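The structure appears below as structure tokens.
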Amino acid sequence: MNTLLAPPHALAPAPDAVWALSGARAVRLRPIAAADASAEQAFFRSLSLDSRHKRFHVGLRELSPPLLKLLTEVDQRMHIAWVGEALEPALPVVADARYVREAEHPWRAEFAVAVADDWQGRGLGRRLIGHLAEHARLHGVQQLYGDVLADNRRMLALMRDQGARLTPHPDGPQLVRAVLDIAA
Ligand SMILES: CC(C)(COP(=O)(O)OP(=O)(O)OC[C@H]1O[C@@H](n2cnc3c(N)ncnc32)[C@H](O)[C@@H]1OP(=O)(O)O)[C@@H](O)C(=O)NCCC(=O)NCCS
């Protein structure tokens, strides 16, 4: 099957993976849905300014209505996204992970992740990146890339550990492009 031409349901992320994390916490990973809009907004509002800045590269206070729609009303085909829902303690969204295929080159995709501040450092970010890479690879993506602020040492260390190439960014030294070659 040519996955680049597959119907939307064929690429829908596998639902309901449950991950046990350090500190007796657990997260269920599930595909994002339009109904998650208010929980997604609450998640982004709850992020520290530093985390929001690292995710969006600007200090957004909250997601604008168009951006919220863009992030939650995804086709799960070109734009594939999950939220991490906390089971213990119960919280609707404590993480967000996504990748977006390029329209012209659907074998290339840009990814982004964010983990709630209180949930960072428990291995969730590492698992999310691994999950994105595995899902993307299985669905025909050969290269995943993300733009990381040059001072985002945690993300750069994580990407280096995952085997990413860290390359200069055309927009200048404040950014680094992390490129994961994931062709089978
Ligand atoms: C970057 C981010 C996704 C990582 O998620 P996380 O759940 O904290 O990551 P993990 O717990 O899996 O840790 C991954 C690595 O980060 C580093 N790390 C974790 N906690 C750390 C801490 N407190 N201080 C420094 N480094 C740390 C370690 O290298 C760790 O590797 P290890 O598993 O060998 O210890 C998360 O910090 C985040 O959402 N940051 C804000 C948004 C952002 O930067 N997004 C990426 C934009 S491209």
Side-chain angles (χ1 to χ4, degrees), residues 13 17-30 32 36 39-63 67-68 70-71 74 79-89 91-102 108-136 141 143-182:
V18 175
W19 292 338
L21 303 175
S22 66
R25 297 194 183 191
V27 164
R28 174 186 290 130
L29 195 67
R30 61 175 176 76
I32 202 164
D36 289 313
E40 180 84 344
Q41 180 70 277
F43 165 64
F44 277 103
R45 276 199 192 122
S46 78
L47 290 174
S48 64
L49 181 60
D50 183 58
S51 287
R52 272 180 274 141
H53 184 246
K54 284 183 168 134
R55 168 63 178 83
F56 290 106
H57 307 170
V58 289
L60 285 183
R61 297 186 89 151
E62 62 176 14
L63 302 170
L67 182 54
L68 184 57
L70 190 81
L71 293 178
V74 306
H79 185 164
I80 294 134
W82 294 261
V83 289
E85 176 186 346
L87 302 179
E88 188 56 52
L91 285 166
V93 178
V94 295
D96 177 283
R98 60 191 64 238
Y99 69 90
V100 183
R101 292 167 182 268
E102 291 184 4
R108 280 170 49 94
E110 181 169 8
F111 74 91
V113 292
V115 173
D117 289 73
D118 186 37
W119 289 73
Q120 293 177 12
R122 298 169 190 277
L124 185 52
R126 181 179 294 280
R127 295 187 82 152
L128 287 169
I129 302 282
H131 177 80
L132 285 180
E134 182 62 3
H135 188 278
V141 176
Q143 194 175 82
L144 264 187
Y145 61 90
D147 293 343
V148 185
L149 287 174
D151 65 358
N152 191 348
R153 287 203 293 264
R154 183 181 297 190
M155 187 63 182
L156 292 175
L158 182 48
M159 293 310 297
R160 216 180 275 115
D161 268 17
Q162 302 271 329
R165 288 183 282 123
L166 302 181
T167 64
H169 197 282
D171 288 353
Q174 72 281 7
L175 285 172
V176 173
R177 179 154 287 181
V179 182
L180 269 176
D181 293 306
I182 55 171

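Keep in mind that what you see is a predicted model, and the values were worked out from it rather than measured. All ligand and atom numbering here is 1-based and tracks the order in the structure.
- Counting only distance, with no hydrogens or angles, the side chain of Arg52 and the backbone of Leu60 share a donor-acceptor pair below 3.5 Å.
- Remark: Ser48 OG to Asp118 CG distance equals 11.0 Å, nearest 0.5 Å.
- In this structure, CZ on Phe56 lies 5.0 Å from CG on Leu63, to the nearest 0.5 angstrom.
- Ligand 1 has no N or O atom lying under 3.5 Å from any N or O atom of Met155, backbone or side chain.
- Remark: minimum distance from atom 44 (O) of ligand 1 to any protein heavy atom is reached at Asn152 ND2, 2.8 Å.
- Using 4.0 Å as the threshold, Gly123 has a heavy atom nearer than that to some atom of ligand 1.
- When only interatomic distances are considered, the shortest N/O to N/O separation between Arg122 and ligand 1 falls below 3.5 Å.
- If you check which protein heavy atom lies closest to atom 47 (C) of ligand 1, you get Lys54 O, 3.5 Å.
- In this structure, Ala114 is part of the shell of residues with a heavy atom less than 4.0 angstrom from ligand 1.
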Check against side chain to side chain contact (heavy atoms under 4.5 Å, CB included), His53 and Leu149: CA-CA 9 Å; His53 184 246; Leu149 287 174; 3.6 Å; yes
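- Not a single N or O atom of Arg127, backbone or side chain, sits closer than 3.5 Å to an N or O atom of ligand 1.
- For ligand 1, the polar-atom distance check against Arg126 finds a nitrogen or oxygen pair separated by under 3.5 Å.
- Remark: side-chain polar atoms of Arg30 are not paired, donor with acceptor, to backbone N or O of Glu85 under 3.5 angstrom.
- Put simply, atom 2 (C) of ligand 1 has no protein non-hydrogen atoms near it, under 4.0 Å away.
- When distances from atom 18 (N) of ligand 1 to the protein are checked, a heavy atom turns up under 4.0 Å.
- Ring geometry for Trp82 against His131 counts as perpendicular: the plane angle is over 60°, on a 0 to 90° scale with 30° as the lower cut.
- In terms of polar-atom proximity, Ala157 is not counted as a contact of ligand 1, lacking any N or O under 3.5 Å from an N or O of the ligand.
- Side-chain contact of His57 with Asp147: a donor-acceptor pair under 3.5 Å is absent, judged by distance alone.
- Pairing each heavy atom of Gly146 with each of Phe111, the nearest pair is N-CE2, 3.4 Å.
- The heavy atom nearest to atom 41 (C) of ligand 1, out of those in Ala112, Ser51, Gly121, is found in Ser51.
- Rounded to the nearest 0.5 angstrom, Leu70 CG and His79 NE2 are separated by 6.0 Å.
- Less than 4.0 angstrom separates atom 36 (C) of ligand 1 from at least one non-hydrogen atom of the protein.
- Remark: minimum distance from atom 5 (O) of ligand 1 to any protein heavy atom is reached at Gly125 CA, 3.3 Å.
- When atom types are taken as modelled, the side chain of Arg108 and the backbone of Glu102 share no donor-acceptor pair closer than 3.5 angstrom.
- In this structure, atom 11 (O) of ligand 1 is in close contact with the protein, since a protein heavy atom lies within 4.0 Å of it.
- A heavy-atom separation below 4.0 Å is found between Asp147 and ligand 1.
- Summarising the contacts of atom 45 (N) of ligand 1 with Leu21, Val148, Leu47, Val113, the nearest heavy atom is found in Val113.
- At a 4.0 Å heavy-atom cut-off, ligand 1 touches Val115 through backbone and side chain alike.
- Checking side-chain atoms of Glu110 against main-chain N and O of Val100 turns up no donor-acceptor pair under 3.5 Å.
- Considering backbone and side-chain atoms alike, Arg154 places an N or O below 3.5 Å from some N or O of ligand 1.
- Looking from atom 14 (C) of ligand 1 to the surrounding protein, the closest heavy atom is Leu158 CD1, 3.8 Å.
- The protein heavy-atom contact nearest to atom 40 (N) of ligand 1 is Gln120 NE2, 3.6 Å.
- To the nearest 0.5 Å, atoms CZ (Arg122) and CZ (Arg127) are separated by 14.0 Å.
- Between the CG atom of Asp96 and the CZ atom of Phe44 there is a distance of 4.5 Å, given to the nearest 0.5 Å.
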